[in-house]
Amino acid sequence: MDEKYFPEAVEKKWQRRWEESRAFEVSDDDPRPKFYCLEMLPYPSGFLHMGHVRNYSIGDALAWYKRLQGFNVLHPIGWDSFGQPAEQAAIKGGVNPRDWTERNIEHMRGQLKRLGISYDWTREIAAHRADYYKWDQWFFLKMFERGIAYKKLSPVNWCPKEETVLSNEQSSGGVCWRCGTRVEKRDLEQWFLRTTNYAEQLLEHMKEIDSGWPEKVLKRQRDWIGRSVGAYIDFGIKASDKKVRVFTTRIDTIFGATAIVAAAEHPLIAELLQGSSLQDDVAQFAKKVALDRANASDEEEEKIGMNTGILAINPFNGESIPVWVANYVLMDYGAGAVMSVPAHDERDFEFAQKYSLPIRQVIAPVTHRQNSAEPHSLAGTDQSVDMPHAFVDYGVLINSGEWGGKLSEVALAEMTNFAETHGFGGPAVTYRIRDWGISRQRFWGAPIPIVYCPNCGTVPEAYENLPVNLPESADFSGTGQSPLASVAEFVNTTCPKCQAPARRDTDTMDTFVDSSWYFFRYCDPRNEALPFSPSTTKLWTPVDQYIGGDEHAVMHLIYTRFWTKFMRDIELLSFDEPVKRLLTQGMVTNLVEGTDEWKAMSKSLGNGVDPDEMIRAFGADAARLFILFAAPVENELRWSESGIEGAIRFIRRVYTMVWQWRERLAGADIEAPALEEFSLEARALRRKTHQTISKITNDFEHLYLNTSVAALMELFNSLSDFRVDPSSASHAEAFAVREALEALVIMLAPFAPHASEEMWEGMGHEGGLLSSAKWPQADPDLARKEELEIPVQVNGKLRSRVIASPEVSDDELRAAALSDEKIQASIEGREVAKVIVVPKRLVNIVVR
RNA sequence: GCGAAAGUGGCGGAAUUGGCAGACGCGCCAGACUUAGGAUCUGGUACCGAAAGGUGUGGGGGUUCGAGUCCCCCCUUUCGCACCA
């Protein structure tokens with residue numbers, strides 16, 4: 001230990017020591033209880049940003065805490081290394097995506113090590129390496145076998161001039177990003193995973209995690225899954241034996257249906273119009289709707305529609321109503337068609353007004369007369385009525401034949417039942433969640449292990465042929481086509497079934513596939529026979545704490561839940577949910593120069609801060625301490641240069657104090673003196689020490705890291721106020737200081753591990769790593785106050801305080817309060833109506 | 001538009017069970033040490049007031065002996081969803 005604190009030297013020293021002593025490597029056969037602390041793995045863009053630093057600082061604080069508490073802590077890291085930026089770099093800069101990616105990983109690994117995050121680096125994984133994506137392919141085959149992976153036609157953005165697929169970004173504004181041609185929607189054969197099969201479970205199992213996940217994430221997942229309970233009804237078609245099916249959550253309004261509105265691309269409509277004069281018009285209309293949708297802005301589009309001339313028959317009343325097509329009905333939700341009830345649905349109302357469709361009220365508000373035989377209604381006629389807007393609430397049915405007079409709640413069940421018994425409908429549940437399309441016409445991803453054979457058709461690659469290796473390189477000139485299609489030695493293969501010459505699928509998988517199961521691979525990262533052995537994940541998973549940004553609240557966190565359920569189904573696992581506790585940390589923001597706006601750090605806004613510069617200027621410890629202190633973990637964090645200076649100032653003060661006491665503490669007798677040997681001040685210091693241990697231990701369980709740091713500062717302030725000179729301190733005083741300082745240094749380790757190690761060594765623990773030390777234990781007896789200071793209020797206003805013993809009774813407190821001089825003065829001449837005593841906390845005297 | 005969450009000093013925030021509002025830090029002010037200070041140390045710092053004292057947690061109302069905390073209305077901000085039948 002040097003007299004002065006030099007972060008750079010200290011940090012280098014301990015990073016080396018940790019590596020040499022393999023301090024953070026964990027093994028499966030360790031008798032201690034396990035703890036799996038996981039942070040979302042980064043995309044190797046080339047540089048760590050402050051969001052990463054915050055994410056990993058939070059995780060590392062928890063990992064340190066748990067380790068000091070005696071847990072066997074798995075704390076791994078890896079790279080989400082497939083994805084577009086690498087391919088863009090290849091297209092633009094002519095570099096190989098693999099080289100680009102490896103270089104970035106190399107650099108970012110160095111940054112993480114300079115931050116001193118306590119990872120088990122022996123378990124590092126990277127998605128772009130064949131020993132990882134082989135298992136993506138393995139899972140794909142398993143899903144294919146079970147019908148979870150399937151192929152279907154699906155619309156993509158298509159540039160008709162270049163005859164190529166474009167991503168959403170490449171077709172923004174509805175035109176091709178290169179040639180400016182208007183983009184079309186075109187159907188392409190693509191692979192999908194049946195997430196919808198698991199919709200019910202994804203919803204149901206939220207019960208298992210709702211105490212550990214933020215409510216807002218669960219809510220977004222619930223909305224994403226979008227379970228909706230209602231009924232389906234088949235409307236007959238006039239002069240045809242076909243039926244058109246609709247889904248509704250409001251079957252009670254069916255007597256108010258004045259049209260059927262179908263999605264423009266509804267196949268039944270096209271079929272029914274076969275040969276009709278309207279056939280082309282409707283096809284034209286469908287094309288326009290598809291185009292508008294591709295160009296969709298944030299704004300809701302104006303509703304447009306057209307009458308198809310087809311008539312449908314309402315099975316409840318036999319009425320014929322027109323069938324329309326419109327842009328506001330979506331083919332891929334519900335049944336792709338709705339019954340239009342303008343009086344009781346806002347969208348239908350708007351549509352009906354525009355096209356002068358009849359508006360018929362069939363639900364009346366329930367009034368105070370609801371118990372009378374004749375329900376009150378706003379309009380007692382079955383003709384089109386004037387309504388200022390749709391009435392969408394539940395109410396009482398009117399103009400609804402035999403259901404008239406019933407409440408919506410009752411009619412919903414009865415009418416669904418009626419439809420079912422008469423064979424034209426029944427109960428139905430629909431979901432908003434769609435199957436997950438994973439085909440990407442891109443190079444830098446895991447190849448889809450499917451072969452197209454002229455004899456056998458679509459054939460899965462054989463397991464023993466995995467991995468299907470991604471070629472070294474391809475033509476990246478950016479034709480928009482999957483670059484793999486141009487690599488002959490990749491495309492041309494033999495059929496795994498009949499050995500005939502065959503062609504490979506040239507698409508790669510969505511990168512969300514890689515991140516759906518990566519943290520299971522950490523448990524068994526070098527397994528060559530399986531993605532992981534069930535025994536290792538049985539030991540380590542589920543993840544105890546997962547930490548990351550809330551931009552992944554739906555996609556990644558739904559997909560990984562889905563993947564877990566699939567892995568359970570193929571008996572790799574035996575639980576439903578992969579993550580017990582989830583923390584979504586807040587963003588790191590900085591002032592945008594020339595404005596007073598705080599925005600997320602970004603290159604384009606020029607308000608980014610380079611972690612390396614921070615480390616150079618202040619040290620990793622100060623940067624990490626500041627980040628964790630400045631705001632609660634889930635809040636936005638506003639960057640502040642002076643804040644980080646405060647952090648290094650604090651570390652330096654603690655460091656200086658350790659330096660001043662080091663000789664005295666190294667030589668001090670460890671034996672605790674008898675209680676009566678401690679002075680009043682020494683007892684107060686010990687009380688603060690034990691109170692602090694208790695508070696911080698509790699805070700860590702809730703990840704209240706900012707208040708933990710504040711408590712450490714308070715303890716330090718108490719130590720500073722304990723003005724005893726090291727050389728003249730009594731044995732008891734030195735003991736109290738040692739107890740406080742050791743607790744302080746150990747509990748500082750999760751926030752500033754390098755400096756803490758250095759101080760720990762300086763305090764005489766040569767050769768013993770702080771990283772294998774033990775978290776201090778709070779002694780409740782020592783933490784207990786020796787006397788209480790009880791506030792005394794008069795009519796709820798603080799007037800005085802009285803000193804009392806911790807065992808004081810209510811009566812004693814009351815007496816003490818009433819006899820207090822200041823209190824007597826303020827209640828003089830008034831009648832005491834009541835005295836409220838909150839045991840050992842407060843007295844309130846009510847006077848008149 | 002719909003839904004949710006949140007509004008506390010100059011700033012980040014604390015008060016986690018209805019019981020002393022403003023812990024801790026930043027900033028600022030004063031002082032010490034210094035050739036010097038954007039270093040370090042000491043003290044102060046919600047507001048009004050000379051003081052006694054009074055006021056104070058977005059605004060208004062309510063419940064309670066007692067409200068930052070619970071209830072109702074309003075305002076503002078942030079986030080999410082946005083044709084989901």
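Throughout, protein chains are lettered first and strands after them, A, B, ... in sequence-line order, and every chain is numbered starting at 1.
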Student: Side chain of A:Asn717 only, heavy atoms from C-beta on: which candidate in B:G25, B:U16, B:G19 is closest?
Tutor: B:G25

Student: If you only use heavy atoms from C-beta on, which nucleotide in B:U16, B:C65, B:G13 is closest to the side chain of A:Asn844?
Tutor: B:C65

Student: Taking atom C1' in both B:C33 and B:U42, compute the distance separating them and give it to the nearest angstrom.
Tutor: 11 Å

Student: Identify whether any heavy atom of A:Val838 sits under 4.0 Å from a base atom; if not, whether one sits that close to sugar-phosphate; answer base, sugar-phosphate or nothing.
Tutor: base

Student: Compare side-chain N and O positions of A:Arg649 against OP1 and OP2 of B:C41 and report whether any pair is under 4.0 Å apart.
Tutor: no

Student: Using purine N1 to pyrimidine N3 plus N6-O4 or O6-N4 for Watson-Crick, or N1-O2 and O6-N3 for G-U wobble, both under 3.5 Å, which nucleotide pairs with B:A6?
Tutor: B:U76

Student: Taking the side chain as every heavy atom from C-beta outward, state whether A:Ser408 and A:Ile363 have any pair of such atoms under 4.5 Å apart.
Tutor: yes

Student: Would you check if the side chain of A:Gln824 reaches a backbone N or O of A:Glu821 as a donor-acceptor pair within less than 3.5 Å?
Tutor: no

Student: B:U45 and B:A36: how far apart are their C1' atoms, nearest whole angstrom?
Tutor: 27 Å

Student: Quickly work out the A:Glu634 CD to B:U16 C1' distance and round it to whole Å.
Tutor: 12 Å

Student: Using atom P in both nucleotides, what's the gap between B:G58 and B:G12 to the nearest angstrom?
Tutor: 14 Å

Student: A:Ala631 side chain: which of B:G3, B:U42, B:G12 is closest?
Tutor: B:G12

Student: Rounded to the Å, how far apart are A:Leu712 CG and B:A23 P?
Tutor: 18 Å

Student: Please give the distance between the P atoms of B:C28 and B:G38 as a whole number of Å.
Tutor: 10 Å

Student: Expressed in whole Å, how much space separates the P atoms belonging to B:A67 and B:A21?
Tutor: 11 Å

Student: Looking at A:Glu636 and A:Thr589, would you say the former's side chain and the latter's main chain have a donor-acceptor pair under 3.5 Å?
Tutor: no

Student: Please check the phosphate of B:G80 (OP1 and OP2 only) for any side-chain N or O of A:Arg222 closer than 4.0 Å.
Tutor: no

Student: Strictly below 4.0 Å: does A:Arg638 bring a side-chain N or O up to OP1 or OP2 of B:C11?
Tutor: no

Student: Go through B:A85, B:A14, B:G19 for me and flag the one nearest to the A:Ser228 side chain.
Tutor: B:A85

Student: If you measure from the C1' atom in B:G56 to the same atom in B:G43, how many Å do you get, rounded?
Tutor: 26 Å

Student: Which nucleotide, if any, forms a Watson-Crick or G-U wobble pair with B:C81, using both distances under 3.5 Å?
Tutor: B:G1

Student: So, OP1 or OP2 of B:C65: does either fall under 4.0 Å of a side-chain N or O from A:Lys834?
Tutor: yes

Student: Report the distance from atom NZ of A:Lys797 to atom P of B:G56, rounded to the nearest whole Å.
Tutor: 7 Å

Student: Would you say A:Val843 and A:Ile836 make side-chain contact, with heavy atoms under 4.5 Å?
Tutor: no

Student: Nearest of B:C83, B:A23, B:G13 to any side-chain atom of A:Ala710?
Tutor: B:A23

Student: Which is true for A:Arg220 with a 4.0 Å heavy-atom rule: it touches a base, it touches only sugar-phosphate, or it touches nothing?
Tutor: sugar-phosphate

Student: Using a 4.5 Å cut-off on heavy atoms from C-beta on, say whether the side chain of A:Ile359 contacts that of A:Gln353.
Tutor: yes

Student: Give a yes/no answer on whether the side chain of A:Asn635 brings an N or O atom under 4.0 Å of OP1 or OP2 in B:G12.
Tutor: no

Student: Is the phosphate of B:G54, meaning OP1 or OP2, less than 4.0 Å from a side-chain N or O of A:Arg799?
Tutor: yes

Student: Select one nucleotide: of B:G19, B:G25, B:A15, the one nearest the side-chain heavy atoms of A:Thr707.
Tutor: B:A15

Student: For the P atoms, the ones on B:G18 and on B:C79, what distance do you get once it is rounded to whole angstrom?
Tutor: 30 Å

Student: Rounded off to whole Å, could you give me the CD1-to-P distance for the A:Ile845 and B:C65 pair?
Tutor: 16 Å

Student: Is the backbone of A:Tyr5 close enough, under 3.5 Å, to the side chain of A:Arg652 for a donor and an acceptor to pair up by distance?
Tutor: no

Student: Checking A:Tyr355 side chain against A:Gly305 main chain: does a donor-acceptor pair fall under 3.5 Å?
Tutor: yes

Student: What's the closest nucleotide to the side chain of A:Ser642 if the choices are B:G25, B:A85, B:G27?
Tutor: B:G27

Student: Within the 4.0 Å heavy-atom criterion, would you say A:Lys216 contacts the bases, only the backbone, or no part of the nucleic acid?
Tutor: nothing

Student: Any donor-acceptor pair under 3.5 Å joining the side chain of A:Lys303 to the base of B:C83?
Tutor: yes

Student: For the pair made of NZ in A:Lys219 and P in B:G3, what is the distance, rounded to whole Å?
Tutor: 10 Å

Student: According to the Watson-Crick and G-U wobble definitions, with both distances under 3.5 Å, which nucleotide is paired to B:U16?
Tutor: none

Student: With C1' as the reference atom in both, quote the distance from B:C65 to B:G49 in angstrom, rounded to an integer.
Tutor: 30 Å

Student: Categorize A:Asp550 for me: base, sugar-phosphate, or nothing, with a 4.0 angstrom heavy-atom threshold over every strand shown.
Tutor: nothing

Student: Whole angstrom is fine here: how far is it from CG in A:Asp721 over to P in B:A23?
Tutor: 15 Å

Student: Have a look at A:Glu215 and say if it touches a base, only the backbone sugar-phosphate, or nothing, with a 4.0 Å heavy-atom cut-off.
Tutor: nothing

Student: Taking any strand in view, what nucleotide pairs with B:G43 in a Watson-Crick or G-U wobble way, both distances under 3.5 Å?
Tutor: B:C29

Student: If you only use heavy atoms from C-beta on, which nucleotide in B:C65, B:C81, B:C83 is closest to the side chain of A:Tyr328?
Tutor: B:C83

Student: On the ring face of A:Tyr232, is A:Arg245 found with NZ or CZ under 6.0 Å from the centre and within 45° of the axis?
Tutor: yes

Student: For B:G9, does the O4'-C1'-N9-C4 or O4'-C1'-N1-C2 angle fall within 90° of 0, making it syn, or is it anti?
Tutor: syn

Student: Looking only at the side chain of A:Asn327 (C-beta and beyond, no hydrogens), which of the listed nucleotides B:U55, B:C83, B:G43 gets closest?
Tutor: B:C83

Student: In Watson-Crick or G-U wobble terms, both distances under 3.5 Å, what is the partner of B:G37?
Tutor: none

Student: Aromatic ring centroids of A:Phe626 and A:Trp639 under 6.0 Å?
Tutor: yes

Student: For A:Lys688 and B:C24, give me the distance from atom NZ to atom C1', rounded to whole Å.
Tutor: 10 Å

Student: Starting from the 5' end of RNA chain B, give me the residue, A:Asn795 or A:Asp345, whose nearest nucleotide shows up first.
Tutor: A:Asn795

Student: Could you check whether A:Gly646 gets within reach of a base, just the sugar-phosphate, or nothing at all, counting any heavy atom under 4.0 Å?
Tutor: sugar-phosphate

Student: Heavy-atom nearest nucleotide on RNA chain B for A:Leu637 versus A:Gly796: which residue maps closer to 5'?
Tutor: A:Leu637

Student: Kindly assign one of parallel, tilted or perpendicular to the pair A:Tyr65 and A:Phe700, based on the angle between their ring planes and the thresholds 30° and 60°.
Tutor: parallel

Student: Choosing from B:G25, B:U42, B:U40, which nucleotide comes nearest the side chain of A:Arg723?
Tutor: B:U42

Student: Please state how far atom CD in A:Glu302 lies from atom P in B:G1, giving the value in whole angstrom units.
Tutor: 19 Å

